[in-house]
Amino acid sequence: MSAGSGSAEQAAAFLTRNAVDALPEGALRRRLEEGRPLRVKLGIDPTAPDIHLGHTVILRKLREFQDLGHTVVLIVGDYTARVGDPSGRSAARPMLSGEEIDANAQTFRRQASIVLDPARTEVRHNGEWLDMKMEELFRLALTSTIAQLLERDDFARRYAARQPISILELLYPLLQGYDSVAVRADIELGGTDQKFNLLLARDIQQAYGLSPQSVLTMPILPGIDGVQRMSKSLANYVGVTEAPDEVFGKLMRVPDSAMSTYHELLLDAPLDRTRPAVESKRAMARVLTARLHGPEAARTAEEHFDRLHVQRAAPDEIEELVIAVKDGTVHLPALLREAFAVSASEGRRLLAAGGVRLDGEPLSADALDVPAAALDGSVLQLGRRRFRRLRLS
RNA sequence: GGCGGGAUGUCCGAGUGGUUAAAGGAGACCGGCUGUAAACCGGUUGGCUAUGCCUACGCAGGUUCGAAUCCUGCUCCCGCCA
């Protein structure tokens, strides 16, 4: 065995250590043995630009490729977003304008650079090649069959359940596959949910006379609910640009059942089960907050956390709310609406439930109008972690 | 083109003339316990300066003292046949 193939062997083992699938068997190692910078593709959806920790699992993997000298090709799905994917029930999925897509792509690029090396990243928009002539679309459509597409798990399920599947949806995997043709991808990464699409792209590349990409799928990071995948729309995500306090706090909410996955995927180290769970979680929150915001911010965030949840005190810095007073009294439901964007009706319910505090003392729902003078400088608190310091105008 | 089934709140899903702002579940939120974990217990879950008023069961009309429930038209979805 030559020295070259030996190191390719090592690199392949390193890159696949925490992956789910590396297909086909041995393909990645053979690619690496070619000794040239490989083109490693990731397709992104510009509809939800904010990157969260779930994305960083794959981005970190891409970074590993970059550190080995390879090129990352980020494909912004601007064309597909413009067409609008009518998947599932959410018929109202918005078709984004060109400006929105560009703005989202910019955001994504900026946030991705927290993890990726911009010098080894190529960003392409699939509108460059998908805005094709119908003749070319026909050629693409000829590469796959309905039976092939219906093998995809979610299509199969929906078909069996008599849920609608539009022709356009069936076309999406083909379009994604064509992206691989256009950028001549050597490797494509994705979550395990992308396995079908990534593999179909191989067939499509071959139909166009190219050598098929190899495929690397990464596990899906569960959200902070510990159950469903991390996703912005499920509101269980930790965004990479969120404030340090938020990042730390959210990570402390991760259920124990998800801790070992978090360790594997984000910390790249197994969870030490002999250690108390709280300690591991704290350490994790500290490391990840520091990764996004630096060690100093992580330390402050931890102090903030302790103050709020160990000492159960109000935080050092509280956003101020200046309130306008008309006749010397303040109507609490209206105040809550202004302070925390809850409806006045919801505010009343929260008051009745004892969820609203003023300087730590629960307010009652019996007196909805309170003298304004009693509020100036006080801290209004909703639930455990929403605070506003009140100021009279 | 023909025949049949369907559309209910954030989601799933009951409800076929009257205490229905709409059962039940999920999710979410508040409170308790705690480690902002899990499990568990209690509560809330359309809006509104509010012993009341307004808006809601695909859309538009109609019948009725009274409609998510009955009638007509329309839109959309699903299946079967062609």
Side-chain angles (χ1 to χ4, degrees), chain A residues 86-92 157-167 169 222-229 231-238 242 244-263 271 273 275-286 289 301-315 323-338 340-357 360-370 372 380-387:
Chain A
S87 298
R89 305 283 161 77
S90 54
R157 235 200 317 271
R158 281 162 63 193
Y159 191 68
R162 300 178 169 180
Q163 300 281 312
I165 302 170
S166 72
I167 304 293
E169 286 178 83
I224 57 171
D225 57 3
V227 182
Q228 291 181 278
R229 60 177 300 151
S231 121
K232 192 177 186 184
S233 58
L234 292 171
N236 63 0
Y237 73 108
V238 181
E242 283 191 85
D245 292 351
E246 280 296 303
V247 173
F248 194 96
K250 281 184 172 182
L251 286 167
M252 288 301 285
R253 282 213 273 179
V254 171
D256 291 0
S257 58
M259 282 295 284
S260 88
T261 310
Y262 270 62
H263 272 70
L271 173 67
R273 294 187 186 278
R275 207 175 170 196
V278 210
E279 260 180 50
S280 301
K281 196 177 290 180
R282 252 179 200 272
M284 176 179 84
R286 204 177 295 138
T289 306
E302 187 167 5
E303 281 165 13
H304 175 264
F305 176 86
D306 283 336
R307 200 172 157 72
L308 238 67
H309 299 287
V310 178
Q311 302 164 34
R312 295 213 168 174
I323 48 181
V325 181
K326 267 178 278 174
D327 47 16
T329 67
V330 170
H331 189 61
L332 290 176
L335 177 63
L336 289 168
R337 181 174 51 200
E338 218 176 312
F340 305 112
V342 296
S343 73
S345 298
E346 195 178 354
R348 283 168 192 255
R349 284 184 229 119
L350 289 163
L351 281 164
V356 182
R357 291 184 165 85
E361 291 303 312
L363 289 172
S364 122
D366 301 334
L368 292 179
D369 294 286
V370 298
L380 183 69
Q381 179 181 0
L382 177 61
R384 195 65 90 201
R385 53 183 197 278
R386 282 176 278 184
F387 298 87

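Heavy atoms only: backbone and side chains are in, while hydrogens, waters and symmetry mates are out. Everything numeric here is computed off the predicted structure, so don't read it as measured data.
Regarding Arg312(A), its CZ atom lies at a distance of 7 Å from the P atom of rG32(B), rounded to whole Å. To the nearest angstrom, C1' of rG31(B) lies 12 Å from CG of Leu382(A). One can place CD of Glu279(A) at 13 Å from P of rG35(B), the figure rounded to the nearest angstrom. Computed from coordinates, the Ile224(A) CD1 to rA28(B) P distance equals 10 Å when rounded to whole Å. Asp225(A) places its CG atom 13 Å from the C1' atom of rA38(B), with the value rounded to the nearest Å. Rounded to an integer number of Å, the gap from CZ of Arg348(A) to P of rC48(B) is 9 Å. The distance between atom NZ of Lys281(A) and atom P of rA37(B), rounded to the nearest whole Å, is 7 Å. In this structure, the CD atom of Glu346(A) is 14 Å from the P atom of rU49(B), given to the nearest Å.
Taking atom P in both rU16(B) and rA7(B), the straight-line distance is 13 Å, to the nearest Å. Taking atom C1' in both rC12(B) and rG2(B), the straight-line distance is 33 Å, to the nearest Å. Separating the C1' atom of rG46(B) from that of rA21(B) is a span of 7 Å, rounded to the nearest Å. Using atom C1' as the reference point in both rU55(B) and rG1(B), the two lie 42 Å apart (nearest Å). Taking the C1' atoms as reference points, rC59(B) lies 15 Å from rC77(B), given to the whole Å. Taking atom P on both rA82(B) and rA28(B), the two are 48 Å apart, rounded to the nearest angstrom. Spacing of P atoms, rU72(B) relative to rC3(B), comes out at 15 Å, to the nearest Å. Comparing the C1' positions of rC33(B) and rC40(B) gives an interatomic distance of 8 Å, to the nearest angstrom.
In this structure rU69(B) sits in no base pair that meets the Watson-Crick or G-U test at under 3.5 Å. rA38(B) makes up no base pair with any nucleotide shown, lacking Watson-Crick or G-U wobble contacts both under 3.5 Å. For rC76(B), the paired nucleotide is rG6(B), the pair qualifying as Watson-Crick or G-U wobble because both relevant distances are below 3.5 Å. rA50(B) makes up no base pair with any nucleotide shown, lacking Watson-Crick or G-U wobble contacts both under 3.5 Å. Across all strands shown, rA28(B) forms a Watson-Crick or G-U wobble pair with rU44(B), both key distances being under 3.5 Å.
Nearest-nucleotide positions on RNA chain B place Met259(A) closer to the 5' end than the other of Met259(A) and Pro333(A). Place Gly355(A) and Gly249(A) on RNA chain B by their nearest nucleotides, and Gly355(A) ends up nearer the 5' end.
The shortest side-chain heavy-atom distance between Arg312(A) and Arg384(A) falls under the 4.5 Å cut-off. Counting heavy atoms from C-beta outward, Met252(A) and His309(A) have side chains that stay 4.5 Å or more apart. A 4.5 Å side-chain heavy-atom check between Leu336(A) and Leu351(A) finds at least one atom pair inside the cut-off. Looking at heavy atoms from C-beta onward, Val227(A) lies out of side-chain contact with Asn236(A) at the 4.5 angstrom threshold. Here the side chains of His304(A) and Phe248(A) are not in contact, with every heavy-atom distance at 4.5 Å or above.
Here the nucleotide nearest the side chain of His309(A), chosen from rC30(B), rU36(B), rU49(B), is rU36(B). Checked against rA38(B), rU34(B), rC29(B), the side chain of Pro255(A) finds its nearest nucleotide in rA38(B). Of the candidates rG47(B), rG35(B), rU36(B), rG47(B) carries the atom nearest the Ser345(A) side chain, counting heavy atoms from C-beta on. Taking every side-chain heavy atom of Arg384(A) into account, rU34(B) is the closest of rU49(B), rU34(B), rG46(B). The side chain of Arg386(A) has rC30(B) as its nearest neighbour among rU36(B), rG47(B), rC30(B). Of the listed nucleotides (rU36(B), rU44(B), rU49(B)), rU44(B) has the atom at the smallest distance from the side chain of Arg349(A). Minimum atom distance to the side chain of Asp369(A) is reached by rU49(B), of the listed rU49(B), rG46(B), rG35(B). Closest to the side chain of Arg357(A), out of rG31(B), rU36(B), rA37(B), is rG31(B). Closest to the side chain of Arg253(A), from the set rA37(B), rG31(B), rU36(B), is rU36(B).
Taking each heavy atom of Ala258(A) and Gly226(A) in turn, the nearest pair found is CB-CA, 4.0 Å. The two residues Val254(A) and Lys281(A) have their closest heavy-atom pair at O-NZ, 2.6 Å.
Looking at Asp245(A) and Arg307(A), no side-chain N of the basic residue comes within less than 4.0 Å of a carboxylate O on the acidic one, giving no salt bridge.
Distances shorter than 4.0 Å separate some side-chain N or O of Arg337(A) from OP1 or OP2 on rC48(B). OP1 or OP2 of rA37(B) has not a single side-chain nitrogen or oxygen of Arg282(A) nearer than 4.0 Å.
The residue Ser343(A) sits close only to the backbone: its heavy atoms come under 4.0 Å of sugar-phosphate atoms, none of a base. The residue Ala277(A) sits close to a base: some heavy atom pair falls under 4.0 Å.
More than 90° away from 0 lies the glycosidic angle of rU8(B), which makes this nucleotide anti.
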